[in-house]
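Note on naming: letters A, B, ... go to the chains in the order of the sequence lines (proteins, then strands), and numbering restarts at 1 for each one. What's counted below: heavy atoms across the whole structure, side chains too, no hydrogens, waters or symmetry copies.
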Amino acid sequence: MNLLNLEFFFILCGLLLAGLAVRIALDPVHPKRWGSALFWALLAVVFAGGKSLPTVVVGYGVLVMVVLAALRQVEPPHFALRDQAGLDASASRLGNLLLGPVLLVPAVAVVGGWLLGEIHWGSVNLVEGRSVSQIALGLGCVLAVGWALRVTRERPITVVDEGGRLLQLVSWTLILPPMLAALGGIFAKAGVGEVIAQGVAAALPVQSPLVAVVAYCAGMALFTILLGNAFAAFPIITLGVGLPFIVKAHGGDPAIMGALGMLSGYCGTLVTPMAANFNLVPVRLLELKDDHAVIKAQAPFAAAIWIFNVVVMYLCVYRFGR
Amino acid sequence: MIKLLGILLVAVGFAFRVNTLLVVLVGGVATGLIAGFSFNELMAMIGQFFVEQRSLTLPVILMVPVIGLLEKHGLQEHVASLMRRTRAATAGRVAWIYQVLRGLTSMVGINLGNHASMVRPLVVPMAEGASPPAAGEAGDPARAAIRAHAAAAENVGNFFSDDIIVAVGALLLIKGFFETAGVEVAMRDLKLWGVPTALWVIVVGGWRYRRLDARLAAMKPKDGA
């Protein structure tokens, strides 16, 4: 038995989202009042009640959220600009007190990640073992909200207003990461990966050791770009291209191939909109205008790192190991 | 081959900048229908995967109230004023140091933060404090460049130094996969062969963030002009 599990934090999120939905519904000047309120209310229900609702109901709820977003019914209101002089004055008055709650979050996440899993009374655990790091992060955030309320002397309802303000900036991008996970799941069930791996192997002259390395690393990057997830690409491309051609045909070392192959996949992650939580959510969170600003900044990184991986793999995979 | 229609739809949708959520939904439903699932089965599948993966958004939803409260009381202004006192700091150096720090900590399996908990409240105000963009719309290009690179520092630091010392995610997956495929690999070798790339990304970061500083310097209006 666990005293604290991830569901507790999902319910907290649900409460915050529900509060946001109510605030929007009560705001007569919100440009997309009812569409936005419905979107956040549905998300609140899915978050808090996801485990107990029938999956098909959640699915249709998600469908409605997607349609609302596609019809541009989920938009942030025009937030009034803040008074800069007041912000500066408050910054110099509160000073480093403002940093405390921000730094508390990683501190609790790290220390909690080590310790929380160890605490138990007989068969009663404090936290659920497999999600200990996420629970520690959640706990850090909850404590930090309490501390931030003390430092700023705000009323608790401000949590909904200020948190909601940022959530509305992130907007529907927030549900992209789980949506993409669902897409990846459907692709896997439909057997899309096998078709691609066969295509790569059939189209390229993988008889040459160099071409095999390039095809494997390119396959990892491209498939990661398509799926948005290197972990999903790895088994498919390694089974379809890596093992038969690099390891079996040319006697390459699987450990070197696997380590550098996964890192080549990450280069794909850097440049794909399918990796929404890394590349699209930050665009909204940092209030950037260009949806692809983060991807554009990362493209030179991806190219330089990918080429390096190919060179190191080619120079080492047939020479070292085993 | 027809199974790839879903991927094609997604690619075309992205190319024409159709709403990303809609593209993903249509791509998934098309692929599923072709594979012989009914619409209701697909909705149930989407619901199930969505609920299982809710935790992906947990760090953002739980963190935004903290940031929002503190920003209302001048968090960004305070961090920026700290950086203005540090003369050697530039936006590029701040991003580079964060990337290295993020990499070193993720090497031992520590997750220092993410875009919500570190980049928006700390890294961006530090970088913008070190290389202040012009006020108002004139500073927009500089601000966008700084923020995009701060986000990049988080991602690059996070990805390429994965579990080199303490194996957690990726390496366990690789080892597990090879075991199922009947190939023997040692965890020690997997860790060792991640090191060259982990060092290389520090060099690449040095290059990119130096370019960022050069671009920011070029954007700045000359003194007295």
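With a threshold of 4.5 angstrom between heavy atoms, A:Leu243 approaches chain B through side-chain atoms but not through N, CA, C or O. With a threshold of 4.5 angstrom between heavy atoms, A:Gln84 approaches chain B through side-chain atoms but not through N, CA, C or O. Heavy-atom distances place no part of A:Val160 under 4.5 Å from chain B, backbone and side chain included. Only the side chain of A:Met262 comes within contact range of chain B, with heavy atoms under 4.5 Å apart. For A:Leu176, the parts sitting under 4.5 Å from any heavy atom of chain B are the backbone and the side chain alike. Proximity to chain B is absent for every atom of A:Ile295, based on heavy atoms less than 4.5 angstrom apart. When heavy atoms are compared at a cutoff of 4.5 Å, A:Val105 approaches chain B solely by way of its side chain, counted from C-beta outward. Proximity to chain B (any heavy atom under 4.5 Å) is restricted, for A:Leu137, to the side chain, taken from C-beta onward. For chain B, no part of A:Asp161 is nearby; none of its heavy atoms comes within less than 4.5 Å. Looking at A:Trp114, the atoms closer than 4.5 Å to chain B (heavy atoms on both sides) all sit in the side chain, from C-beta outward. A:Leu226 touches chain B through its side chain: at least one heavy atom from C-beta onward sits under 4.5 Å away, while N, CA, C and O do not.
To the nearest 0.5 angstrom, B:Glu154 atom CD is 8.5 Å from A:Phe278 atom CZ. The line from SG of A:Cys316 to CH2 of B:Trp193 is 4.0 Å long, rounded to the nearest 0.5 Å. Interatomic distance, CG of B:Asn114 versus CG of A:Asn277, reported as 9.5 Å (0.5 Å rounding). Within the model, atoms CZ of B:Phe178 and OG1 of A:Thr238 stand 5.5 Å from one another, a figure rounded to the nearest 0.5 Å.
Minimum heavy-atom separation, A:Leu286 to B:Ala151: CD1-CB, 4.0 Å. Of all heavy-atom pairs spanning A:Gln298 and B:Ala152, the tightest one is OE1-CA, 3.3 Å. The shortest non-hydrogen separation linking B:Leu70 to A:Leu98 is CD1-O, 3.5 Å. Shortest non-hydrogen contact noted between A:Cys13 and B:Leu58 is SG-CD1, 3.3 Å.
With A:Leu87 as the fixed residue, the side-chain contact (heavy atoms from CB on, under 4.5 Å) test singles out one of B:Gln76, B:His78, B:Glu77: B:Glu77.
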side-chain contact (heavy atoms from CB on, under 4.5 Å) evaluation trace for A:Arg165 with B:Lys72: CA-CA 11 Å; A:Arg165 173 192 168 101; B:Lys72 191 184 173 195; over 6 Å; no
Chi angles and distances behind the side-chain contact (heavy atoms from CB on, under 4.5 Å) call for A:Val312, B:Thr197: CA-CA 9 Å; A:Val312 173; B:Thr197 308; 5.9 Å; no
Test ring pair (Phe, Tyr, Trp, His ring centres under 6.0 Å) applied to A:Phe301 and B:Tyr209, step by step: CA-CA 11 Å; A:Phe301 280 94; B:Tyr209 303 131; 5.6 Å; yes
Evaluation steps, salt bridge (Lys or Arg N to Asp or Glu O under 4.0 Å), between A:Lys289 and B:Asp140: CA-CA 9 Å; A:Lys289 292 200 180 83; B:Asp140 276 354; 3.1 Å; yes
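Across B:Gly32, B:Ser117, B:Ala198, B:Pro196, the residue that shares the most heavy-atom pairs under 4.5 angstrom with chain A is B:Pro196. Contact count against chain A (heavy-atom pairs under 4.5 Å) is highest for B:Thr57 among B:Val18, B:Leu192, B:Thr57.
With A:Ser90 contributing its side chain and B:His73 its backbone, the two residues share a donor-acceptor pair below 3.5 Å. Of the possible polar contacts, one joining the B:Arg120 side chain to the A:Leu285 backbone as a donor-acceptor pair under 3.5 Å is found.
Residues A:Phe231 and B:Phe177 keep their aromatic ring centres 6.0 Å or farther apart.
Residue-environment remark: CZ (A:Arg82) exceeds the threshold of 12 foreign heavy atoms within 6.0 Å. No more than 12 heavy atoms of other residues, nucleotides or ligands shown are found within 6.0 angstrom of CH2 on B:Trp96.
In this structure, a donor-acceptor pair under 3.5 Å is present between the side chains of A:Tyr60 and B:Asn40.
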